[in-house]
Protein chains: 2
Amino acid sequence: MAASLSEQVYEKLFDMIVQKELRPGDRLPPEKTLCEMYSVSRNTLRAALNKLSALGFTETRQGGGTFVKAVDSNVYLNFFVPALLTHNPDLLELMQLRKAIETEAARSAAVNASEEDTAKLRTTYEECGRQAAKMDMYALAAANTRFHAIISEISGNRMLETLMRIINRMILPEMQDFLARQGEDIDSNYYHRIIMESIERHKPDEAAFFMDKHLALLIDRVKQYISAEKEKQE
Amino acid sequence: MAASLSEQVYEKLFDMIVQKELRPGDRLPPEKTLCEMYSVSRNTLRAALNKLSALGFTETRQGGGTFVKAVDSNVYLNFFVPALLTHNPDLLELMQLRKAIETEAARSAAVNASEEDTAKLRTTYEECGRQAAKMDMYALAAANTRFHAIISEISGNRMLETLMRIINRMILPEMQDFLARQGEDIDSNYYHRIIMESIERHKPDEAAFFMDKHLALLIDRVKQYISAEKEKQE
DNA sequence: TTTAATATAGTTGTAGAACAACTTTCCCTT
DNA sequence: AAGGGAAAGTTGTTCTACAACTATATTAAA
């Protein structure tokens, strides 16, 4: 079950990009040259380049050349939107992934947080309180998301931060609907406070523990909500 | 700034899939027919099909045809990968992400593990022991990776599992080098055992706790190793 | 009749040549 | 030195041909 030729060429170019032999901004050799390098026809080679650019690794300009792209994750979010239309994303799996990442992020945040960081976090925490008081569930969900996003920023780990941004964007609409129908969201405020305080007091294990509990509870609520919806339909 | 022809064709086919005119499992018309439908050459059409399949919407079998794929969460990971790879993560950030995901995976694994699962896990655990005894550090690293991969499989969360696969692929070469220079790896065996036993006894919090400690220790070791290397260079 | 092997037609993968569309480079004119 | 324009270079598209693989239909055997 050998992979197709174009797939093999794709893998090679992919590896070169991943291994930083080709860096963002670099221009790939012209197609003719690449054809000779890999001993394939131009059709085959172009299929490989096509895949690279479809996945966002490269960008091709007619007459100009093919360039390695420096990707910011937001570009990919645009691709998500249509993808979401074709499939109800498994919300629970996503939320579990989120729990994994945020728990670790909270731990690191408690280690790294500066005065500035905690001030920003507290501001957003208070914003959440205001929106909750106003009972504006959509604004509340957005503020909650910001609160969590800030923690992942403070963590200082760009990978955690980027993944969180992506996951949040995927989850947010559904969470907003969920919250709007629930009508209220009391516990979040409590947990947010003790998570924030743990971070302020530089207590990594505490922060991680509360974050884990906070999100586990949220997942349970969503589970209950989903199964209640199912019963309603029967 | 008109989009290229192949891009236009891609958009049309994409819309048909999103709008459910083409449903998962459906076979697209043969390329010849599609060429006539859109009045483009086969190369151009194939560029469009290529993009669809690169993004995971379709699957093409040589001689068989092109079929619409049932989009599952793994599709989203196609978008994660570039974001992950081009962010130039350093090893420590990756390992922290790994710690986050594996800790959560261990927790779920302890909930879900069947008899079969734990048997498989134990087999791999023993394999690790054999390689350690033989002092074959490269084989040991590979076996260790399998051990962890199995846990993420048992978790039952496809997102965790796939992310782990990706991360492991990125980390493995560096971990092999690290282990080879360290010369030995005693603690892993101890932690693997208690993690495995926690999963066998269906103790989620225990499994998570030990996994977290196991990987935190590993990260510390790598940190020491890196700073020692730096000193050596001065 | 059913089944299995085989031939046939249909479909995708790869190759190569040719030209169109667009960009970059270089040279010439001013 | 600056601007304009020709020339060379590069990617986009078309066309033809064949290889590699699959699905279907036909035929022969049980």
Side-chain angles (χ1 to χ4, degrees), chain A residues 1-17 21-71 75 79, chain B residues 1-17 21-71 78 82:
Chain A
M1 52 175 271
S4 69
L5 258 181
S6 59
E7 193 65 19
Q8 292 175 41
V9 174
Y10 162 79
E11 290 284 350
K12 284 177 188 165
L13 292 172
F14 173 86
D15 282 343
M16 289 178 70
I17 293 174
E21 293 169 39
L22 291 172
R23 291 166 174 281
D26 283 0
R27 184 172 137 181
L28 273 65
E31 296 179 353
K32 208 175 68 178
T33 309
L34 289 171
C35 289
E36 289 166 6
M37 283 173 59
Y38 297 115
S39 307
V40 296
S41 73
R42 205 168 147 228
N43 276 343
T44 301
L45 177 84
R46 280 175 64 79
L49 291 181
N50 202 326
K51 182 165 183 180
L52 280 178
S53 104
L55 293 178
F57 291 107
T58 59
E59 193 175 24
T60 300
R61 292 197 289 273
Q62 180 171 355
T66 299
F67 299 83
V68 179
K69 228 166 134 183
V71 184
V75 171
F79 286 94
Chain B
M1 53 174 269
S4 70
L5 256 180
S6 60
E7 192 65 19
Q8 293 174 39
V9 174
Y10 162 78
E11 290 285 348
K12 284 177 187 166
L13 291 172
F14 177 81
D15 282 344
M16 290 177 69
I17 294 174
E21 292 169 38
L22 291 171
R23 292 168 170 281
D26 283 0
R27 184 174 135 179
L28 272 65
E31 296 180 353
K32 207 175 69 178
T33 308
L34 289 171
C35 289
E36 290 165 6
M37 283 173 59
Y38 298 114
S39 305
V40 294
S41 74
R42 208 174 141 220
N43 274 349
T44 301
L45 177 85
R46 280 175 64 79
L49 291 181
N50 202 328
K51 182 165 183 180
L52 280 177
S53 99
L55 293 179
F57 293 109
T58 60
E59 193 174 25
T60 300
R61 294 198 286 273
Q62 179 171 354
T66 299
F67 299 83
V68 179
K69 243 168 125 178
V71 183
N78 291 335

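Lettering follows sequence order; numbering is per chain, from 1.
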Query raised in the report: Does T66(A) have a side-chain nitrogen or oxygen under 4.0 Å from the phosphate oxygens OP1 or OP2 of dT10(D)?
Result: no
Query raised in the report: What nucleotide among dT14(D), dT11(C), dT11(D) has an atom nearest to a side-chain atom of N43(B)?
Result: dT14(D)
Report task. Would you kindly check whether a donor in the side chain of R42(B) faces an acceptor in the base of dG13(C), or vice versa, at under 3.5 angstrom? Result -> yes
Query raised in the report: About how many Å separate CZ of R61(A) and CZ of R27(A), when rounded to the nearest 0.5 Å?
Result: 9.0 Å
Query raised in the report: Any donor and acceptor pair, going by atom type alone, linking the side chain of S6(B) with main-chain N or O of A48(B) inside 3.5 Å?
Result: no
Query raised in the report: Is any side-chain N or O of S6(A) closer than 4.0 Å to OP1 or OP2 of dT14(C)?
Result: yes
Requested in this report: Quickly work out the K32(B) NZ to dT11(C) P distance and round it to whole Å.
Outcome: 7 Å
Report task. Check whether any side-chain N or O of T44(B) sits under 4.0 Å from OP1 or OP2 of dT14(D), and answer yes or no. Result -> yes
Requested in this report: Report yes if at least one side-chain N or O of R46(B) is closer than 4.0 Å to OP1 or OP2 of dG13(C); otherwise report no.
Outcome: yes
Report summary line: Whole-Å distance, L5(A) CG to dT12(C) P, equals 18 Å
Report task. Go through dA21(C), dT10(D), dT14(C) for me and flag the one nearest to the R27(A) side chain. Result -> dT10(D)
Query raised in the report: Of V40(A) and R61(B), whose nearest nucleotide on DNA chain C comes first from the 5' end?
Result: R61(B)
Requested in this report: Determine whether the side chains of T58(A) and S53(A) contain a donor N or O and an acceptor N or O closer than 3.5 Å.
Outcome: no
Query raised in the report: Nearest-Å distance, CG (L45(A)) to C1' (dT13(D))?
Result: 16 Å
Query raised in the report: Do the charged groups of E59(B) and K69(B) touch, with an N to O distance under 4.0 Å?
Result: no
Report task. May I have the distance from E7(A) (atom CD) to dT14(C) (atom C1'), rounded to whole angstrom? Result -> 15 Å
Report task. Check whether any side-chain N or O of S41(B) sits under 4.0 Å from OP1 or OP2 of dT14(D), and answer yes or no. Result -> yes
